[in-house]
Amino acid sequence: MDITNLTVHELQEKIKNKELSILDITKAYVERINEKEKEVKAFVTTTCDEAIEKAKKIEEKVESGELNSDFAGIPIGIKDNMCTKGVRTTCSSKMLENFVAPYNATVVEKLNDEGIISLGKLNMDEFAMGASTEYSYFKKTCNPWNLNAVPGGSSGGSAAAVAANLVPWALGSDTGGSIRQPASFCGVVGLKPTYGLVSRYGLVAFASSLDQIGPITKDVRDAAMLLNIIAGHDEKDTTSYDNPKKDYTKALKNDVKGLKIGIPKEYFGEGINEEVKKKLQEAIQIYKKLGAEVEEFSLDIAEYALATYYIIACAEASSNLGRFDGIRYGYRTENFSNLRELYRNSRSEGFGPEVKRRIILGTYVLSSGYYDAYYKKAQQVRTLVKKEFDKAFEKYDVLLTPTSPTVAFEIGTRSENPLEMYLADICTVSVNIAGLPGISVPCGVNSHNMPIGMQLIGNKFEEEKILNAAYTFEQEYKFRDKYKPTFSK
Amino acid sequence: MANVSKEELLHIAKLANLNIKEEELDNYLSNLQDILNFANVVSNANTEGLDETIGENDRVNVFRKDEIKVFEDNKALLMNAKEQDRNMFKIPKVIQ
């Protein structure tokens, strides 16, 4: 049995039936990491020794009855922008290279409460700014489907680690597509929850009104289970909602009869790769066959969404990243003669070029003289975007689009041109602008065996609908049975 | 067309507490121009009479009791400081 190829719900079954022990599972993953991490380069920090020790302790706690959780002993990987007490949290930046948080993010506490075991911290674009994980200060993560291609980003380490079976599932974060796009590039499932469903406490802030933590998993059931664990109100995050607790796995009905699916035609036009379009059309036919009602419509805001996103995200980033001054934590320059120089040199030496670019853009659009034309205007367009989505959800249960206009591109082909890199987010950003939930689920591969992702968008707090729609497609299409990354063979 | 001058870029960088080296200037400038030209598309959107959306929630003023909670792990806080002295962060002289 190849333990690391199993989904989390399959692992749970094996633990329950006593076919596998908690220690067997962690050991299998540690072995896999030791063997394959050097090719994929998904981790910034591995915590394999600690994981084995923790597995032993958790096994004891389960046996003694002290810990009672369906997830006891399941390993996980965590994107390196979520604070973990005692293990460094770098955001893949020189700025935080040696930063060890004095507390855990709320999501990390929730994982700990269940007895879930972290295998380490996963690579990302520096401060989550990027779409390829090439902007990491430490290393370039490779796509397990083609080691010369990027895994997407910014949660590229998380998606690559799941696809390469280095972790059974992972946490990512999504500001403009950073969970869904790498999930699409790596042939795995990625869910960005409704803004406010998951606490952001302990997530290093990029753009606070857009950031959201979510699962990256091998299949839809695992995504629903991980969402069950991490969702919920947190008094430490005032933007988190106090909704009643749900069991998202109950939504997985394998039935889409009568489900109203809207296809925004703007997401199937120019700039979307033909092979991507073709697979999405096939997916639409499958939904029709399964009894869903599919209709094309026009989502008027598509052309403004990307520009609006970059104005808002960079403005918020320029403010959020103002805290990195080299005083209490983070990189401090050796080269200064006064406080002003300490700030400026620390920031200039500690941040990479893309982060600086976005801080400068954000400072520009917030500066006097440009505020109205860019920032205020973008905030108004944001209202427009929300209204358009509201209108769409009066008619449809879910909206269906490609997750990304292309499959994973080759390493080094876009990193020199920031604007071209930004275009990778064109299908995903409007979901963040409107605070909606979105899921990416694999819907085929192109002629070079590179995965293609389908995005399903739901109305606020209607994760159940997109999870069920994704699950029903997955059960019919059976992507995991049909296609494998070349790497795992 | 957005037209950013070198002086303007240097002013923005100063506001952001960042240095831009002479040899990086042209590159930053052309990137900023490109992105701003692209971002200008928002000016075409009809937003007449629309409010600004500030955050994603309609929630404002989320209150909690003002209770003192002592964070006891001073050591964990200070271990990230580059320089410290007697349980305090050490910084260069502020008043010359």
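Per chain, numbering begins at 1; letters A, B, ... match sequence-line order.
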Hey, are the side chains of [X] and [Y] touching, using non-hydrogen atoms and a 4.5 Å cut-off?
X	Y	result
A:Y422	B:I35	yes
A:L384	B:N46	no
A:P102	B:D73	no

If you look at every heavy atom in [X] and [Y], which pair is closest and at what distance?
X	Y	result
A:S348	B:N17	OG-O, 4.5 Å
A:Y304	B:V42	O-CG1, 4.3 Å
B:D34	A:L419	O-CD2, 3.9 Å
A:L339	B:P92	CD1-CG, 3.8 Å

Go through the atoms of [X] and report whether side chain, backbone, both or neither lie under 4.5 Å from a heavy atom of chain B.
X	result
A:E334	side chain
A:A305	neither
A:Q380	both
A:Y309	neither
A:Y331	neither
A:Y310	neither
A:E303	both
A:L306	both
A:I327	both

**Asked** Would A:K377 and B:S43 count as having a side-chain donor-acceptor pair, cut-off 3.5 Å?
**Response**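 No.
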**Message:** Within the 3.5 Å criterion, strictly below it, is a donor on B:N19 or A:R347 matched to an acceptor on the partner's side chain?
**Reply:**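 No - no donor-acceptor pair under 3.5 Å links their side chains.
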Above 12 or not: heavy atoms from other molecules or residues under 6.0 Å from [atom1] of [X]?
X	atom1	result
A:E420	CD	yes
A:K387	NZ	no
A:R88	CZ	yes

For [Y], does its backbone N or O pair with a side-chain atom of [X] as donor and acceptor, under 3.5 Å?
X	Y	value
B:E52	A:Q379	no
B:N80	A:V100	yes
A:T383	B:D51	yes

**Prompt:** Looking at A:N98, A:N338, A:N345, which one has more heavy-atom pairs under 4.5 Å with chain B than the rest?
**Reply:**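 Heavy-atom pairs under 4.5 Å are most numerous for A:N345.
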**Request:** Applying side chain to side chain contact (heavy atoms under 4.5 Å, CB included), run through A:Y364 and B:V4 and close with a yes or a no.
**Result:** CA-CA 10 Å; A:Y364 183 86; B:V4 188; 3.9 Å; yes
I'd like to verify something: which residue of [options] has the highest number of heavy-atom pairs under 4.5 Å with chain A?
options	answer
B:K90, B:H11, B:M79, B:K14	B:K14
B:E83, B:Q84, B:K93	B:E83
B:N27, B:N31, B:L77, B:L15	B:N31
B:V62, B:I12, B:N44	B:I12

**Request:** Go through the steps for B:I20 and A:I360 under the test side chain to side chain contact (heavy atoms under 4.5 Å, CB included), then give the verdict.
**Result:** CA-CA 10 Å; B:I20 298 183; A:I360 286 171; 3.5 Å; yes
**Request:** List the steps and the verdict of side chain to side chain contact (heavy atoms under 4.5 Å, CB included) for B:I91 and A:L342.
**Result:** CA-CA 9 Å; B:I91 60 165; A:L342 186 155; 5.7 Å; no
**Message:** The test is side chain to side chain contact (heavy atoms under 4.5 Å, CB included); show your working for B:L50 and A:V381 and say whether it passes.
**Reply:** CA-CA 8 Å; B:L50 285 183; A:V381 178; over 6 Å; no
